Amino acid sequence: MAAREIWEQTSAPQRDAEFRLFFAVYGRALQAPGQFSDFLDHVVADWMNSLRDTQGPHTDPATATREATLTIATIRGLLLDLLATGDQARVHDAAHHFLSRLQSDPEQSAGCGTVLCVPAEVSTIRLGRPGIPRCFYSL
């Protein structure tokens, strides 16, 4: 599943309540890490591992980590902005610009050897919601 498809699915207005809850839980976990250690252990790691792996074996590990971190942080930030402001046009424009820049990166143009793809085995693991990979909930 491409990052663009994930963005389109997660930023849809009908998903607002779901992601408000996600960010509320995330905030609570940061306030009480002892109570939410399992959540905190997976909230970044699952997605980070998937994004690093999709960049392929020839990508320098430091570069893969940097690209994965930037992608996770950007999508989370854009979702927070969208939920806070409701400004669909502005936030979607920024998201599409970011995703286009990733897609046009000449160092990462070999199919799923980019941060734009999630491996098939990850995209088929669902958490109760059609179309959203389990690892997104770790986003």
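Note that these values count all heavy atoms, side chains included, but never hydrogens, waters or copies made by symmetry. Owing to the predicted nature of the structure, the values given are computational and were not obtained by experimental measurement. Start at 1 with the first residue, then count along the sequence.
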Legend entry - Residue pairs, two or more places apart or on separate chains, that pass salt bridge (charged side-chain N to carboxylate O under 4.0 Å, His left out) and touch residues 88-99: Asp81-Arg90, Asp87-Arg90
Legend entry - Leu79/Phe23 under side chain to side chain contact (heavy atoms under 4.5 Å, CB included): CA gap, chis, key distance, verdict: CA-CA 9 Å; Leu79 284 171; Phe23 287 116; 3.9 Å; yes
Legend entry - Glu18 vs Leu21, side chain to side chain contact (heavy atoms under 4.5 Å, CB included): CA-CA, chis, key distance, verdict: CA-CA 5 Å; Glu18 186 176 339; Leu21 177 60; 6.0 Å; no
Legend entry - Separation between CG of Leu78 and NE2 of His96, rounded to the nearest 0.5 Å: 10.0 Å
Inset, instruction - Could you tell me whether the side chain of Glu67 reaches within less than 4.5 Å of the side chain of Leu51, counting heavy atoms only? - result: no
Inset, instruction - Measure across Thr71 and Phe98 and return the closest heavy-atom pair with its distance rounded to 0.1 Å. - result: CA-CZ, 3.9 Å
Inset, instruction - Might you point out which heavy atoms bring Gln88 and Pro13 nearest each other, and give the distance in Å? - result: NE2-CG, 3.8 Å
Inset, instruction - With sequence neighbours excluded, tell me which residues meet side chain to side chain donor-acceptor pair (under 3.5 Å) with Asn49. - result: Arg52
Inset, instruction - Supply the atom-to-atom distance Arg66 CZ to Asp60 CG, rounded to the nearest 0.5 angstrom. - result: 7.5 Å
Inset, instruction - Assess the pair Phe36 and Tyr26: is the distance between their ring centroids shorter than 6.0 Å? - result: no
Inset, instruction - Report the distance from atom CG of Leu80 to atom CD1 of Ile75, rounding to the nearest 0.5 Å. - result: 12.5 Å
Inset, instruction - Sorted by first residue and then second, give each ring-ring contact (aromatic ring centres under 6.0 Å, His included) pair with at least one member in residues 53-86; sequence neighbours left out. - result: none
Legend entry - salt bridge (charged side-chain N to carboxylate O under 4.0 Å, His left out) partners of residues 19-41, not counting sequence neighbours, each pair once: none
Inset, instruction - Scan for ring-ring contact (aromatic ring centres under 6.0 Å, His included) pairs involving residues 62-95, sequence neighbours excluded, and state none if there are none. - result: Trp7-His92
Legend entry - Partner set under side-chain contact (heavy atoms from CB on, under 4.5 Å) for Thr69, not counting sequence neighbours: Met48, Thr65
